[in-house]
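This report concerns only the one structure given below.
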Amino acid sequence: MNKYLIYLNAKRCIGCHGCEIHCKVNKNLPVGPYLCEISHEPLVAVKGVPKTEFHFRSCYHCEDPYCVPICPKNAMIKREDGIVYIDEEKCIGCMACAGACPWGIPQYNPETGKAVKCDYCKDRVDMGLKPACVTKCTTHALKFVTMQEVN
Amino acid sequence: MSETVWSMCGMCSVRCPIKVEVDGNRIKWLEGNPHLLGGALCAKGSAGVALRNDRERPQQPLIRDGGRGAGKWEPVSWDTAIEYIGEKLDIIIDRYGARAVMLSCRGGPFMDLFKTFIHGLGSPNFTNHDSACGRNVHHASLSVYGLGRKGFIYDIKNSKHLVLFGRNIFASLRIAEANQVLDMLDNGGSLTYVDVRQSLTGIKATRFFQVRPGTDYALALGMINGIIKADAYDKEFVDRYTTGFNQLASFVEPYTPEWAAKECGIKAKKLKDFISEVSEQAPQVIFHPGWMLSRYRDSFYASRAIHILNVLMGNIEVKGGQLFPKGPGDCGVKGLRSLDSQVPKPEEKRADGVGWKYRHFDKGPGLFHLFYDAMLTEDPYPVKGVICYRHDPFNCFPDPAAQKEALDNTDLLVSIDTHYSEFGWYSDVILPESMYLERDSIVATQKGPKPRFIVRRKAVDPKFDTKPAWEIFKLLADRMNIGQYFPYNSIEELWQWQLEPTGHTIEEFEGKGFVSLADEPIMYDRDNLDGKFKTPSGKIEFISQKLADAGLASLKPYESPRKAPKGNFRLIFGRSPVHAHGHTVNNPLLNELMPENSLWINKRAAAKLGISEGDLVDVISASSIGTIKAHVTEFIHPEAVYTVHGFGRQVPLQSRAYHAGMSDQKLQSGKLMDMDPAGGGLCLCEVFVTVRRSTKNPKRRVEL
Ligand code: SF4
Ligand code: SF4
Ligand code: SF4
């Protein structure tokens, strides 16, 4: 059972793309891979004000992930708490996971030659901290919540 | 083992407080100061790490080898570079006097160093970028309150209604301020947004006025009229603290909301609804008087009218309104000792004419663009040496070609910056400053309801042979024999010298990165604000004597903006939250996010020109042409096209930004001297361009 969820309060998100860079810098990623993404629908006028809302997408940490069984090296692992992460030591960069994931979430890191994906910043979480994107969100729009809190 | 360094960001001019975790000489983590920002940082702030690792920045002092702008550089030692500058300055001072040297920066809390250097040399010619930014707002504020643009801070969080005239507050992005706006909205507040296009800010608005470009002043006048007619202004406040109300009331008589709505191209009912709403919400209504209002011919008067709207709301020194920023003095603490105050004030008249030819302008930084006039005409005297610290006039002022023509009459151009600026590329010497994570800065004061002292601390050692500003100016001063004005040998000594009168020590900054001077917000007694308005009359002046003395109207009759010639559009520019003008366009991570700008063009206008979304278009002005992708949208006024400022750079060593996107200032031909005579701001949006589908669109390419 997944324990965590990243939730975006779209009322506060201003589409500044800070989270994308907070993530990249924390993971020391070069130009290329993005582990989370802010997007929006085209503007539509609502009561005379052109409006849109932003969406945040990282990895869904599927209950039953496609990326895990496909990995020939068992490098893609789902933890007890639901976090799906890549064991860098084992990963050979074949990118089978990206092909299996319906959303192509795992990305290729040209610097390491391995796959990389959102792991809810498990190193931080294990230290009792929040993920990078949540901690540094410009407007405190992102929240890291446990399923318990959601329910 | 990691170590915590409390510091200040340096990616844009906001300088957010930050907390940096360092492991040896490596930045492990950086976030907004948790005590002040709750960890929040923007994309630029995080990308500071990429700036540190970027090799495409000057790595040691460079002296030009070959013609200006040819891009041939000789890497030299600091000693050689300082001596080179010293010799050139000696010759200039010998021939033309110290006044022939000018220094520009981009304002901010660390100006003391730069002012001290130029004043110490004996020149009055200290200036900054602001005639292409906030001068109209600043001078408008001075004419109304006798206080400059920073004379008030806005208690947005506690207000009920924030009104923004083109102030794209979520893209220009001051983190603390953006959060205040969102808090206000979360509390049920209203946000009215006025612009020629929809923006990141406008999508959060509760009301949006898409106005015809250049009609902000009309809208503000219509609002003043409506508020006075509805008797919705704060009579007591107006009686007590202002002069000229009757003149104001009769002046706005013809400018009814109906008239304004027609002029701006909006619905009169919507404007009237707005007026009733703010009438109910006053005094917790803030009309943001604008920031970068170097835009239209009447931007000074538009800003003045917006300042007046605030006064009518009676929002001064009330919760949810405009607050006087409190300083150390309000907390019974002496201010920081200033280097510049130890220097005898140069007696000389300024070369830009400010203070003697233009008496209604603030002498402090004067107006940079007017120095170009002096360079060309040698009137009032020649200007032969230009030092720009962290300021890129080519990226800031219109028409770089015209600027170069003037600069060709100078004997020395020095750029002190962390990156290659376009001006730096054209200059004679580049002195590379260490990027902000690699340098200490002088202690700064941050005024506010709870004032504080704050300091930037070096988190890691410089990667290259670069130096911090405090050391660069010390070296220059020693070479010019004015070292006595820089009485320190290390930053620790300088901090101690600055802090000495305050009774605080640098160690006190270690816990949180700042020293707070008040536990609770300080408020003045609103019934006793006498002496707070620094106008000649001591009152808030709807009619300004200072303007009258300069032969200028205080309330200028409205003139409709010029219509674009047939087939032309007004070129409007703005900001994106992921870039700080031209400073960040070559940052690897920010460049990846936004490598180039696009041209917003109205759907119907685009259809007429056969332009579709994503097409490459040529944007053509009298002297220049830029080619970028079109963004076709119904959410921009058909008379305007819009782009993000800061792109189209031509520094070959910035490989990512080189020729990416389009530079608006290069299209602003003939605009270098087009100044608002009342406000001193340049009229940067009085530029017309034509647009056509570019022949560069990838179609029918020969493939084999
Ligand atoms: S940092 Fe926060 S406000 Fe900015 S885009 Fe990401 S979620 Fe939205
Ligand atoms: S990478 Fe794709 S398949 Fe794997 S957990 Fe994430 S969303 Fe699911
Ligand atoms: S949780 Fe961590 S890895 Fe996932 S998107 Fe946020 S910052 Fe990136």
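Remember, it's a predicted structure, so these values are computed and weren't measured experimentally. We name chains A, B, ... by the order of the sequence lines, and we start the count at 1 in each one.
- Taking each heavy atom of A:P50 and B:F635 in turn, the nearest pair found is CG-CD2, 3.4 Å.
- Contacts of A:C13 with chain B are made by backbone atoms alone, with heavy-atom separations under 4.5 Å and no side-chain atom involved.
- Across B:P34, B:G38, B:G45, B:G32, the residue that shares the most heavy-atom pairs under 4.5 angstrom with chain A is B:G38.
- Within 6.0 Å of atom CD in A:E80, 12 or fewer heavy atoms from other residues, nucleotides or ligands are found, so the atom counts as exposed in its surroundings.
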task = Go through the steps to decide whether B:L200 and A:I14 satisfy the test side-chain contact (heavy atoms from CB on, under 4.5 Å), and finish with yes or no.
result = CA-CA 7 Å; B:L200 276 181; A:I14 56 169; 5.7 Å; no

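- Between A:I21 and B:L593 there is a side-chain heavy-atom pair separated by less than 4.5 Å.
- A:C16 touches chain B through backbone and side chain together, each having a heavy atom under 4.5 Å away.
- With respect to chain A, the highest number of heavy-atom pairs below 4.5 Å among B:P588, B:C16, B:A47, B:G39 belongs to B:G39.
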Are there donor-acceptor atom pairs under 3.5 Å between chain A and chain B, and if so which?
residue: A:A10; atom: O; partner: B:K204; partner atom: NZ; Å: 3.4
residue: A:R12; atom: NH1; partner: B:D183; partner atom: OD1; Å: 2.9
residue: A:R12; atom: NH1; partner: B:D186; partner atom: OD2; Å: 2.8
residue: A:R12; atom: NH2; partner: B:N179; partner atom: OD1; Å: 3.0
residue: A:R12; atom: NH2; partner: B:D183; partner atom: OD1; Å: 2.9
residue: A:C13; atom: O; partner: B:K204; partner atom: NZ; Å: 2.6
residue: A:H22; atom: ND1; partner: B:S46; partner atom: OG; Å: 2.6
residue: A:H22; atom: NE2; partner: B:L41; partner atom: O; Å: 2.9
residue: A:K24; atom: NZ; partner: B:E592; partner atom: OE1; Å: 2.5
residue: A:K24; atom: NZ; partner: B:E592; partner atom: OE2; Å: 3.3
residue: A:G32; atom: N; partner: B:E592; partner atom: OE2; Å: 2.6
residue: A:P50; atom: O; partner: B:Q198; partner atom: NE2; Å: 2.8
residue: A:K51; atom: NZ; partner: B:I203; partner atom: O; Å: 3.0
residue: A:K51; atom: NZ; partner: B:A205; partner atom: O; Å: 2.8
residue: A:K136; atom: O; partner: B:L41; partner atom: N; Å: 3.0
residue: A:K136; atom: NZ; partner: B:L30; partner atom: O; Å: 2.6
residue: A:K136; atom: NZ; partner: B:S46; partner atom: OG; Å: 2.8
residue: A:T138; atom: O; partner: B:N179; partner atom: ND2; Å: 2.9
residue: A:T138; atom: OG1; partner: B:L41; partner atom: O; Å: 3.0
residue: A:H140; atom: NE2; partner: B:L37; partner atom: O; Å: 3.2

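- In this structure, chain B has heavy atoms under 4.5 Å from both the backbone and the side chain of A:A132.
- Environment of NZ in A:K122: crowded, with over 12 heavy atoms of neighbouring residues, nucleotides or ligands closer than 6.0 Å.
- The part of B:L173 that comes within reach of chain A is its side chain, from C-beta onward, which places non-hydrogen atoms under 4.5 angstrom from that chain.
- Within 6.0 Å of atom OH in A:Y66, 12 or fewer heavy atoms from other residues, nucleotides or ligands are found, so the atom counts as exposed in its surroundings.
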